[in-house]
Number of protein chains: 2
Amino acid sequence: MSNAAPATIEDVARLAEVSIATVSRAIHTPDKVAKSTRQRVNQAIAITGYTTNAMARSLRMGRSNMILVLAPDIGDPNFSSILIGIENEARAHGYGVLIGHTQNDPERGLDYLKFLNSNQAAGLVLFTGHEPFGHQELAQRLPPTVAVFEPVFGAKVSYVGVDDTAGARKAAEYLLASGHRSIAFIGDSKTKLGHVRRRKGYDLALDAARITPDKRIVIDGEGSVESGRLAVEQLFMRDTLPSAFMCVNDATAVGVINGLAARGYDLPRDFSVIGFDDVAQATYLNPPLTTVRQPRSAIGRQAMALLLKQLAEPGESVEEILIMPDLIVRGSVTSAMRSR
Amino acid sequence: MSNAAPATIEDVARLAEVSIATVSRAIHTPDKVAKSTRQRVNQAIAITGYTTNAMARSLRMGRSNMILVLAPDIGDPNFSSILIGIENEARAHGYGVLIGHTQNDPERGLDYLKFLNSNQAAGLVLFTGHEPFGHQELAQRLPPTVAVFEPVFGAKVSYVGVDDTAGARKAAEYLLASGHRSIAFIGDSKTKLGHVRRRKGYDLALDAARITPDKRIVIDGEGSVESGRLAVEQLFMRDTLPSAFMCVNDATAVGVINGLAARGYDLPRDFSVIGFDDVAQATYLNPPLTTVRQPRSAIGRQAMALLLKQLAEPGESVEEILIMPDLIVRGSVTSAMRSR
DNA sequence: TTGTAGGCGTTATCAC
DNA sequence: GTGATAACGCCTACAA
């Protein structure tokens, strides 16, 4: 609105009747400047409303104090809480956070690569499951990076996420403890690393219970609501309905619950369903969804802590931190005894 | 990863055996440089993998090609689709988009103000309903700005959003057409401008139908799931249950539906419920929610178009664009004849 | 304790 | 058509 150009360090210097060097010092190394001068400078800063030009600063220093968080889908229900964990930790250490939305589009990825390439961010948090792709030359110059939530596909990048296998195992064991013996697994067992790990937890639990897995009730699905609904249809058509559904995530569980309800079944009387993630919606489902809760803010916090560590000591250390999730028991699982 | 510093314009110049000025021209005004030279330059660019340093560029030009989108809550179910509209339009005009998450925290707002203050973004999109607050001096120097979704409280800022009044009126009229005469309004508010407008639509519809509004069934609420649930309790306690609930947004509707279900009522047989927003979840509710759909991507697109216009002609024009929403009929409203 | 001056990577204004 | 060169705003040796 106001036309006046923002005050520069020079404006402050002139007003305080010192050199710009002194102003800079008064700001960054106050003890290296005489008390009286310092006061004059501070006054001048207050009067002019001076703010250091972050761009000029970064250009000179070859490093900014912003962290870039790259996400393919801002709408992911897990994103927001993880982000808050990241932000809190970042802010506590003087970093700001900027978010880039890639939509899994290489063009957009390139935009952000250029952003990084000109030192506009000191560090990178990847929520994408992969590096910004399609532009190898640029992608080689990434700043310290940590992947969050989803591990980066085939790369040597630090990772902080949930212990999918252990979490899924907890879920499966809970189903088993409730007396279920015929437990379907709905999700992607091949490509999505996180899903594969959850599947493994399922296998482990069944194995430990000496139950031979029934391949007919392990259904593919990419983790969408629709995929859950489709799985139900498939199972129904084949007449291989299980007594319980273990879903790779809550979205899938929503689809399963819906599919079952559409078929006229009564939940949780007729079937038990368990999810993974604990999205906000889970409480409001009918029945309220029993699920495994993502330790979201812990993931964010730890990821940022790890990134800060890498920022401090640029050694090429790659760490992987897996956080143990809790089972959240609500109403969607009941004893198998009551089933059919 | 790789230690080599990114190539600069100077590296390219040296390799192509021209001056840096020529390189710059070859990039930005190719016709002003001889064909043969241009080719040499392009080759050198390819070899070195040069990308122009956006920071240096912006510093020199006093203007960047990034747009900053400020949101208080990234998790808002409306945000993601609006954002996509913004991004598509921005990208089509050579702008990149960066997102700042303020969490309604002045400290964080200040961070982004500084960002803006150093010309790191050419334009600003406000999703916040207010300007970054608590820092008047800085907030005066905002770049061209447009508010989206929620109008900015008491300010002369362009705004693009849904026509709340018309949308709410459509909803109320639909309820009326279904025979309802006792229609509660849940989520009344004095502070949230959008909510005030929706209330107005409700009033208008009732008025046109010559129904005297019953203040006892207009319930306050801030638009959360919880507020919807509470409203039901309140109405139940007072024994002033209406035949239909018009909710200020879908979140409130979720709460209402839940509260009613918890009380043992059967929807939509016993009560009709209508929402506003059409969040992704709406389809999966039980019953599927009839609601007014936010024209999200249109809002985003138009907002960005407006911003681009302001960017092109820095006149202080302030426009307000209201987009008409559609009613999405699903299963949560039935004829009043069947009710109690 | 303070000031001078060089340079971070660009673009733009001059000359040639 | 091309090349010096002066900014943009800042930080930091190096001098004083």
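Convention: sequence-line order gives letters A, B, ...; per-chain numbering from 1. Reckoned from all heavy atoms, side chains included, excluding hydrogens, waters and symmetry mates.
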Item to complete: Take A/N78 and A/R296 through the side-chain contact (heavy atoms from CB on, under 4.5 Å) test and state the conclusion after the steps.
Response: CA-CA 7 Å; A/N78 292 297; A/R296 283 181 270 267; 2.5 Å; yes
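What separates CD of B/Q120 from P of D/dC8 is a distance of 18 Å, to the nearest Å. Straight-line distance from the CD1 atom of A/I27 to the C1' atom of D/dC10: 10 Å, rounded to whole Å. When the P atom of D/dC10 is taken as reference, atom CG of A/N119 falls 18 Å away, rounded to whole Å.
For the side chain to side chain contact (heavy atoms under 4.5 Å, CB included) with A/V125, the qualifying choice from A/I82, A/V97, A/V148 is A/V148, the only one to do so.
Contacts between residues 32-40 of chain B and DNA chain D, counted as heavy-atom distances below 4.0 Å, involve B/K32, B/V33, B/A34, B/T37. The stretch residues 6-18 of chain A touches DNA chain C through A/V18, each having a heavy atom within less than 4.0 Å of the strand.
At distances below 3.5 Å, not a single donor-acceptor pair connects side-chain atoms of A/T102 with backbone N or O atoms of A/R108. At distances below 3.5 Å, not a single donor-acceptor pair connects side-chain atoms of B/T22 with backbone N or O atoms of B/I20.
The residue B/S58 sits apart from the nucleic acid: no heavy atom pair falls under 4.0 Å. Using a 4.0 Å heavy-atom distance criterion, A/T52 is classed as a sugar-phosphate-only contact.
No more than 12 heavy atoms of other residues, nucleotides or ligands sit less than 6.0 Å from atom CD of B/E17.
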Scan nucleotides 12-16 of chain D against the protein and return all N/O pairs shorter than 3.5 Å with their distances rounded to 0.1 Å.
none

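Each side chain to side chain donor-acceptor pair (under 3.5 Å) pair with one or both residues in residues 27-38 of chain A, not counting sequence neighbours, appears once here: A/H28-A/R57. Applying the ring-ring contact (aromatic ring centres under 6.0 Å, His included) rule to pairs touching residues 46-85 of chain B yields B/F79-B/F127, sequence neighbours excluded.
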Output a table of donor-acceptor pairs, distance under 3.5 Å, between side-chain atoms of residues 65-72 of chain A and any protein atom two or more places apart or on a different chain; print 'none' if there are none.
none

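Counting heavy atoms from C-beta on, the side chains of B/L322 and B/Y159 come closer than 4.5 Å. Contact of the A/L311 side chain with the A/R63 side chain is registered, since non-hydrogen atoms from C-beta on lie closer than 4.5 Å.
No hydrogens or angles considered: nothing links the side chains of A/R301 and A/N88 as a donor-acceptor pair under 3.5 Å.
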